[in-house]
There are 4 protein chains.
Amino acid sequence: MVRKVVPEQHESKRQEILAAAHRCFLRNGLQGASISMICKEAGMSPGHLYHYFPSKEAIVEQMADDYLVQLHGHFGRHTKDEPTATVLLSELWSMSGWDDLAHCRILFELLAEAGRNEKIHAILQANTDGIRQLLADTLKAGQARGEVDPGLDPRHASAVLVAVLDAAPMLPLMTSDVDFDESRKLITMMIDRFLRPQPL
Amino acid sequence: MVRKVVPEQHESKRQEILAAAHRCFLRNGLQGASISMICKEAGMSPGHLYHYFPSKEAIVEQMADDYLVQLHGHFGRHTKDEPTATVLLSELWSMSGWDDLAHCRILFELLAEAGRNEKIHAILQANTDGIRQLLADTLKAGQARGEVDPGLDPRHASAVLVAVLDAAPMLPLMTSDVDFDESRKLITMMIDRFLRPQPL
Amino acid sequence: MVRKVVPEQHESKRQEILAAAHRCFLRNGLQGASISMICKEAGMSPGHLYHYFPSKEAIVEQMADDYLVQLHGHFGRHTKDEPTATVLLSELWSMSGWDDLAHCRILFELLAEAGRNEKIHAILQANTDGIRQLLADTLKAGQARGEVDPGLDPRHASAVLVAVLDAAPMLPLMTSDVDFDESRKLITMMIDRFLRPQPL
Amino acid sequence: MVRKVVPEQHESKRQEILAAAHRCFLRNGLQGASISMICKEAGMSPGHLYHYFPSKEAIVEQMADDYLVQLHGHFGRHTKDEPTATVLLSELWSMSGWDDLAHCRILFELLAEAGRNEKIHAILQANTDGIRQLLADTLKAGQARGEVDPGLDPRHASAVLVAVLDAAPMLPLMTSDVDFDESRKLITMMIDRFLRPQPL
DNA sequence: TATGAATGAGGGTTCATTCAT
DNA sequence: GATGAATGAACCCTCATTCAT
């Protein structure tokens, strides 16, 4: 009777820590952000933080998983019967500007880390496999409806699509003279032309 | 005059250090690779290393610049008269497999770093501006020859092209069931369809 | 509420560190004493020491302030109605020998440091201003009582007096054949003759 | 025949190094000034510098000796027949302002160092013994002429005089509101009153 | 729950010095 | 006489983590 809300409290504290960690990782990188920074950001003592996570590694992994789930969550909210493009580009179109993209920079931290950390690599692949399945299904539905080039292999095409969509956050880092809406329009156009059934 | 090959020796030592640093950065990340690791990799004492570079920061910056110059060097070796696709995809086609791409992983370190390190950001932008200029010129030549959709804005299209080409190293990190040649083929196809003059 | 004596413990640890640092600084100089020496002297790990002070600089500054406050603390314990000489020379007469003076050697570290470190300079001046105020008041009271030459400007005279009193620790460093009591007697005599109302 | 000016060249190089070292020591302290700083200041490689001095220690010692000899050199240029005060205060009166005194700050470095470095201690004592001898002779002459209180012991008084004169550089470090000429006047007055034959 | 004291290895960097040229 | 390459110990400081309270 004394403890009942505890499990929920526990979970909400974990979320607070993960959010604080995410901000620190954005500011300083996965390796550059220290536990003590995260503690400060979360308003928490190190002893207490270790009550919720067994190690920094665990925080990174959980954060990576949560981030990827949320990043690719847009695809899951569509039905197979919506127009193909609407679904495939939903992530990109849900963003409102470079600020949102800048926030995605953490993806590059994860890609860099995945190259040398097997756990992060596995998390990245598992998440990618998830949306690729959704994308492939969407593509198949599109092919059935005649909206998508039937010559494309759905599995391979889905991989390329994920890579292209995840590459969008590169643009503000690499260029200073390209505006967001124009970029979005071009990427959309590129994917549209890629998928569209080809004339003989 | 005692001097002989001294300046060349100095430069070649710098290159050795940069190569050792590059290997360490690939293995452990920009932040995770320590000076002492780089020293060990380069067979050199820390005091000596600091004879050649004033700080770790300087090593990272020099390495970043060198890497980007070399990465995008393929484009510079073409003339405007070659077929458009040959030039645009020369980087991708010059690679022989995932191993080469894996080696490009350092790009993600740089992208992550660029978000919080103004110097690296500037290096990245300066290099990107360089190849974008080349790509844009190639696109214009292609448009003049009727190989490229005249409706595309060369500056914007070049930005998207750079992002897509640099996104290629994501694939081996994100997937396990896609083979290199198939990926290359698909990306090539996508860009081809993107650029090709569109039927009415 | 788990808290008990925690804040006092914190302060007492700080004092321990400052005392250890003072000993190390005496033995090796402000620059020559290393953090690891201070840690060893204080029986403490470096990580822990930095829990109490943010930098070596901060330790030096705090030590300097504490030392000067204590060094000049003798003057504050007198009332204006005591004989002038008793007050002015109380610091000197409170010492029992060269050992006490040797302990004051740290003053020379501070004087040397003050020439190139603005913070230490400010600490030194602030402390000096403090006792000069007390000395000047004592001199004025002495002048009112007819014990001190009314022709002396109290502010200027106070500066000279501080310098002379603080110069006392020079003697054991510079000479080997002068004994403590004799020196004290001579300095006392000099100041006495300096202040005494002059015959026409 | 080939080498004849070499010894003089050698000596002049040593002087250049010592001058450069002196400037560095003033800026950064005896411990804070590094060999490489001194090399830069002297426009010289470390290997070359070690051709002239066997160690940093040796540079410090030589610099200390040279500095003290020059500092106290004023006394030696007087004859015993000049008025006592002229001789005793010649050092102080030869200075033209706080800048000259600021330059004397290195004395505090030496005093601090003397407390923990036997060699520097010995140099300091030897130099002090030297001028004390001169001062004592001057005092004796003054006593013979009736200008100096015959009750003062020349050896002890000379020690106090050296300390007082060497304390002068403290004033600009400790105060900000005392001007140079006034200070000089007061110190002169104090010493005058100290030495003057006392009325019955 | 929650704190912050405590560790000691390791971070990037500088040091005085030596030595081949 | 003169250079600067080379060393490795030591510099100040931060790290992830543990533990008593």
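Just the heavy atoms: all of them, side chains too, but no hydrogens, waters or symmetry mates, feed the values below. In what follows, chains carry the letters A, B, and so on, assigned in the order in which the sequence lines appear, proteins first and then strands, with residues in each chain numbered from 1.
- Residue-to-nucleotide proximity on DNA chain E shows that, of B:G47 and C:K13, the 5′-proximal contact is made by C:K13.
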For residues 58-67 of chain B, tabulate all N or O donor-acceptor pairs below 3.5 Å that involve a side-chain atom, not counting sequence neighbours.
residue	atom	partner	partner atom	Å
B:Q62	OE1	B:R14	NH2	3.2
B:Q62	NE2	B:D66	OD1	3.1
B:D65	OD1	B:N127	ND2	2.8
B:Y67	OH	B:C104	O	3.4

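- A search for side-chain contact (heavy atoms from CB on, under 4.5 Å) contacts involving A:N117 returns A:E113, A:K119, A:I120, not counting sequence neighbours.
- Within 6.0 Å of the NE2 atom in B:H121, the count of heavy atoms belonging to other residues, nucleotides or ligands exceeds 12.
- In this structure, of F:dA2, F:dA9, E:dG8, it is F:dA2 that holds the atom nearest to the side chain of D:H48.
- For the OP1/OP2 pair of F:dG4 and a distance below 4.0 Å, the side-chain nitrogens and oxygens of D:S45 include no atom meeting the criterion.
- When the C1' atom of E:dT1 is taken as reference, atom CD of A:Q9 falls 9 Å away, rounded to whole Å.
- A close approach under 4.0 Å does not occur between any side-chain nitrogen or oxygen of B:S36 and OP1 or OP2 of E:dG12.
- At the phosphate of F:dT14, neither OP1 nor OP2 sits under 4.0 Å from any side-chain N or O atom of A:S34.
- Between C:Q31 and D:M44, it is D:M44 whose nearest contact on DNA chain F lies nearer the 5' terminus.
- At a non-hydrogen distance threshold of 4.0 Å, A:Y50, A:S55, A:K56 from residues 50-57 of chain A come into contact with DNA chain F.
- Atom-to-atom, CD1 of A:I38 to P of F:dT14 comes out at 17 Å; the value is rounded to the nearest Å.
- Rounded to the nearest 0.5 Å, atoms CG (C:L110) and CZ (D:F108) are 11.5 Å apart.
- Qualifying salt bridge (charged side-chain N to carboxylate O under 4.0 Å, His left out) partners for C:R105, counting only residues two or more places apart in sequence or in other chains: none.
- The list of side-chain hydrogen bond (donor to acceptor under 3.5 Å, both in side chains) pairs with a residue in residues 46-57 of chain A, not counting sequence neighbours, is empty.
- Taking atom CD1 on B:I35 and atom C1' on F:dG8, their separation rounds to 15 Å, with Å as the unit.
- Counting heavy atoms from C-beta on, the side chains of D:E11 and D:Q15 come closer than 4.5 Å.
- F:dA16 atom C1' lies 11 Å from atom CG of A:L49, rounded to whole Å.
- If you take NZ of C:K40 and P of F:dA10, they are 9 Å apart, rounded to a whole angstrom.
- A donor-acceptor distance shorter than 3.5 angstrom exists from the side chain of A:Q31 to the backbone of B:N28, with no hydrogens or angles considered.
- Using a 4.0 Å heavy-atom distance criterion, A:A58 is classed as making no nucleic acid contact.
- For DNA chain E, the stems formed by at least three consecutive Watson-Crick or G-U pairs, with both atom-pair distances below 3.5 Å, span E:2-21 with F:2-21.
- Salt-bridge formation is not detected for the pair B:E8/B:K13: no Lys NZ or Arg NE/NH1/NH2 atom is positioned less than 4.0 Å from an Asp or Glu carboxylate oxygen.
- The CD1 atom of A:I17 sits 12 Å away from the C1' atom of E:dT1 (whole-angstrom rounding).
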